[in-house]
Q: 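One structure follows; several queries about it will come next.
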There are 2 protein chains.
Amino acid sequence: MTQTKPSKLAELLRRGEIFAVECPSREILKHVTSRWGVLVLVALMAGTHRFSDLRRKVGGVSEKMLAQTLQCLEKDGFVRRVSLPVVPPHVEYSLTPMGEEIGRKVEALADWIEINLPQIMEAQRGA
Amino acid sequence: MTQTKPSKLAELLRRGEIFAVECPSREILKHVTSRWGVLVLVALMAGTHRFSDLRRKVGGVSEKMLAQTLQCLEKDGFVRRVSLPVVPPHVEYSLTPMGEEIGRKVEALADWIEINLPQIMEAQRGA
DNA sequence: CGGAATCCAAGATGATACTG
DNA sequence: CAGTATCATCTTGGATTCCG
C-alpha cells in the first residue's frame with residue numbers, strides 16, 4: 001500500500017463512500033439524522049440547555065430517548081455535557097464547535113422543509 | 001379563521017414548529033432523513049438512475065426498502081418516476097426541482113460528515 | 001426488469017418505576 | 001433534577017416468493 005497522506009483535495013474527491021455498506025460515515029449519519037438527533041441538534045443551536053429544558057422543548061421525546069440521543073451525540077463530539085456537582089443535580093448541554101457546524105447543516109435542512117411545507121403538501125395532492 | 005397570506009418573513013420567523021409533536025414537517029423530515037432516503041437523494045443528485053442502478057449504487061439496500069423509499073419520496077414530490085412501457089420494463093428515477101433543492105441540503109450534510117470523519121473519529125477516542 | 005406480497009427477526013421507541 | 005433499569009410495543013428492515 002503506497003499510501004500518501006491524503007490531501008484535503010483528495011478527501012473532497014473521495015465522495016461516494018457513503019454508498020458503501022461499511023462506510024463509517026453511515027453510523028454518524030444515522031446518529032445525526034435520527035428521529036431525535038435532528039431535533040436535539042437544532043434545539044441546541046439556540047444555545048445551552050438543561051436536560052429538562054430540552055425535554056420540554058423537543059415535543060414528544062421520552063427521558064430515555066433524550067438521554068440516549070445526548071450520549072450518542074456527545075460521544076461523536078457534537079455535544080458538550082457539563083455536570084455541576086450540586087444538589088439537586090444541574091447538567092448543561094451545548095454544542096461543540098463541530099456540533100455547531102453540523103448543526104447548521106441539519107438546521108438548514110429542517111428550515112427548508114418548514115418553509116417549503118406548503119409546496120410539498122401541494123405536490124403530495126397534485127401528483 | 002382570519003388568516004392573512006403568510007409572508008416570506010413570517011414563514012422565516014415561524015421556526016420551531018418542528019418541535020411540536022403534530023408538526024407535519026416531522027413526517028417529511030422522517031422520509032428525507034431515513035436510512036435509505038438520504039442515500040437515494042444523494043445518489044439521484046448525480047442524475048437519472050434506473051431502479052437496478054440505484055440498487056447497485058446504494059450499497060446494502062433491499063429491493064423492498066428501495067421501492068418503499070422511492071414511492072415515499074415520489075409522493076412528497078422530490079422524485080420523478082418515469083415508466084417506459086417496454087418489455088422488459090424500464091423505469092427511470094430522477095429528482096424534481098424540489099428534490100434537487102432538498103437534495104443539496106442532504107448532500108451538504110453527508111459531505112460534511114465524510115470530510116470531517118477523521119476529526120469525528122478522533123473526538124470519539126479523545127473524549 | 002421492476003416491482004408487490006408475505007412472513008419474520010431485529011432494533012427503535014415508549015411507559016413506568018426507581019435512584020443518587 | 002437527571003438520569004438508569006426493566007419490560008412491553010411498535011416500527012424497520014430483510015429474505016423469500018411470485019407476477020406482469
Side-chain angles (χ1 to χ4, degrees), chain A residues 18-23 26-41 43-44 48-76 79-94 127, chain B residues 18-23 26-41 43-44 48-76 79-94 127:
Chain A
I18 12 165
F19 293 128
V21 193
E22 355 71 52
C23 181
R26 284 213 184 167
E27 267 312 295
I28 310 297
L29 200 58
K30 200 170 182 176
H31 300 164
V32 168
T33 63
S34 71
R35 177 166 182 195
W36 305 117
V38 176
L39 298 176
V40 165
L41 285 175
L44 287 179
T48 301
H49 286 68
R50 296 183 57 177
F51 186 86
S52 42
D53 290 337
L54 282 173
R55 182 129 157 65
R56 261 185 303 276
K57 186 163 185 176
V58 179
V61 69
S62 65
E63 291 186 0
K64 176 185 169 183
M65 290 315 298
L66 181 55
Q68 186 176 304
T69 301
L70 284 168
Q71 284 172 6
C72 198
L73 293 176
E74 187 192 1
K75 244 186 45 184
D76 289 342
V79 164
R80 188 185 302 115
R81 179 180 183 275
V82 178
S83 173
L84 285 67
V86 297
V87 39
H90 183 110
V91 182
E92 294 189 338
Y93 291 93
S94 56
Chain B
I18 13 165
F19 294 128
V21 191
E22 355 72 50
C23 182
R26 284 213 184 167
E27 268 311 296
I28 310 298
L29 199 59
K30 202 169 179 175
H31 300 164
V32 169
T33 64
S34 70
R35 180 166 179 196
W36 305 116
V38 176
L39 298 177
V40 165
L41 285 174
L44 288 179
T48 301
H49 285 69
R50 296 185 56 178
F51 187 86
S52 41
D53 288 338
L54 283 172
R55 181 130 158 64
R56 261 185 303 276
K57 186 163 185 176
V58 179
V61 69
S62 66
E63 290 187 359
K64 174 187 171 181
M65 292 314 299
L66 181 55
Q68 187 175 302
T69 301
L70 284 168
Q71 283 173 5
C72 200
L73 293 176
E74 186 192 1
K75 243 186 46 185
D76 290 342
V79 163
R80 186 185 304 116
R81 179 181 184 275
V82 177
S83 173
L84 285 67
V86 298
V87 38
H90 182 110
V91 183
E92 294 189 337
Y93 293 93
S94 56

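Just so it is clear: chains get the letters A, B, ... in the order the sequence lines come, proteins before strands, and each one is counted from 1.
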Q: At their closest point, which heavy atom of B:Tyr93 faces which heavy atom of B:Arg81, and how far apart are they?
A: OH-NE, 3.3 Å
Q: Please determine whether a side-chain nitrogen or oxygen atom of B:Ser62 lies at a distance below 4.0 Å from atom OP1 or OP2 of D:dG13.
A: no
Q: Rounded to whole Å, how long is the line connecting atom CD of B:Glu92 with atom P of C:dC1?
A: 15 Å
Q: Distance check, rounded to the nearest 0.5 Å: A:Thr33 atom OG1 versus B:Arg35 atom CZ?
A: 11.0 Å
Q: For the atom pair CZ (A:Arg80) and CD (A:Glu92), what is the distance rounded to the nearest 0.5 Å?
A: 10.5 Å
Q: Could you pull out the closest heavy-atom pair between B:Gly60 and A:Val21, with the gap in Å?
A: N-CG2, 3.8 Å
Q: Could you pull out all donor-acceptor pairs under 3.5 Å where a side-chain atom in residues 62-71 of chain A meets a protein atom, sequence neighbours excluded?
A:
from	atom 1	to	atom 2	distance (Å)
A:Ser62	OG	A:Met65	N	3.2
A:Thr69	OG1	A:Met65	O	2.7

Q: Considering every strand and a 4.0 Å limit on heavy-atom distances, what is the contact class for A:Arg81: base, sugar-phosphate, or nothing?
A: sugar-phosphate
Q: Check the pair B:Arg26 / A:Leu39 against side-chain contact (heavy atoms from CB on, under 4.5 Å), numbers first and verdict last.
A: CA-CA 10 Å; B:Arg26 284 213 184 167; A:Leu39 298 176; 3.6 Å; yes
Q: Measure the distance from CG on B:Leu54 to P on C:dC1 and round it to the nearest whole Å.
A: 15 Å
Q: Using whole Å, report how far CZ of A:Arg55 lies from C1' of D:dA2.
A: 11 Å
Q: Between D:dA2 atom P and A:Leu70 atom CG, what is the distance in whole Å?
A: 11 Å
Q: Given D:dC1, is OP1 or OP2 found less than 4.0 Å from the side-chain N or O atoms of A:Tyr93?
A: no
Q: Look for any protein N or O under 3.5 Å of an N or O in nucleotides 17-20 of chain C and output each such pair with its distance, or none.
A:
none

Q: For the NZ atom of A:Lys30 and the CG atom of A:Asp76, what is their distance to the nearest 0.5 Å?
A: 12.5 Å
Q: What are the two closest heavy atoms between A:Leu73 and A:Gly37, and how far apart are they?
A: CD1-O, 4.2 Å
Q: Rounding to a whole Å, what distance do you find between B:Leu66:CG and D:dA15:P?
A: 14 Å
Q: Which part of the nucleic acid does B:Gln71 contact within heavy-atom distance under 4.0 Å: base, sugar-phosphate only, or nothing?
A: sugar-phosphate
Q: Whether A:Arg50 contacts D:dA2 is assessed here as follows: a side-chain N or O lying under 4.0 Å from the phosphate OP1 or OP2. Is that the case?
A: yes
Q: I'd like a list of close polar pairs between nucleotides 7-12 of chain C and the protein, N/O only, cut-off under 3.5 Å.
A:
none

Q: How long is the line joining CZ of A:Arg26 and P of D:dG13, in whole Å?
A: 12 Å
Q: For B:Arg56 and C:dG2, what is the distance between atoms CZ and C1' respectively, to the nearest whole Å?
A: 12 Å
Q: Among the nucleotides C:dC1, D:dT4, D:dC1, which one has an atom lying closest to any side-chain atom of A:Ala67?
A: D:dT4
Q: Step by step, would you call A:Leu44 with A:Leu54 a side-chain contact (heavy atoms from CB on, under 4.5 Å)?
A: CA-CA 8 Å; A:Leu44 287 179; A:Leu54 282 173; 3.9 Å; yes
Q: Return the value, rounded to whole Å, for the distance between atom NE2 of A:His49 and atom C1' of D:dC1.
A: 16 Å
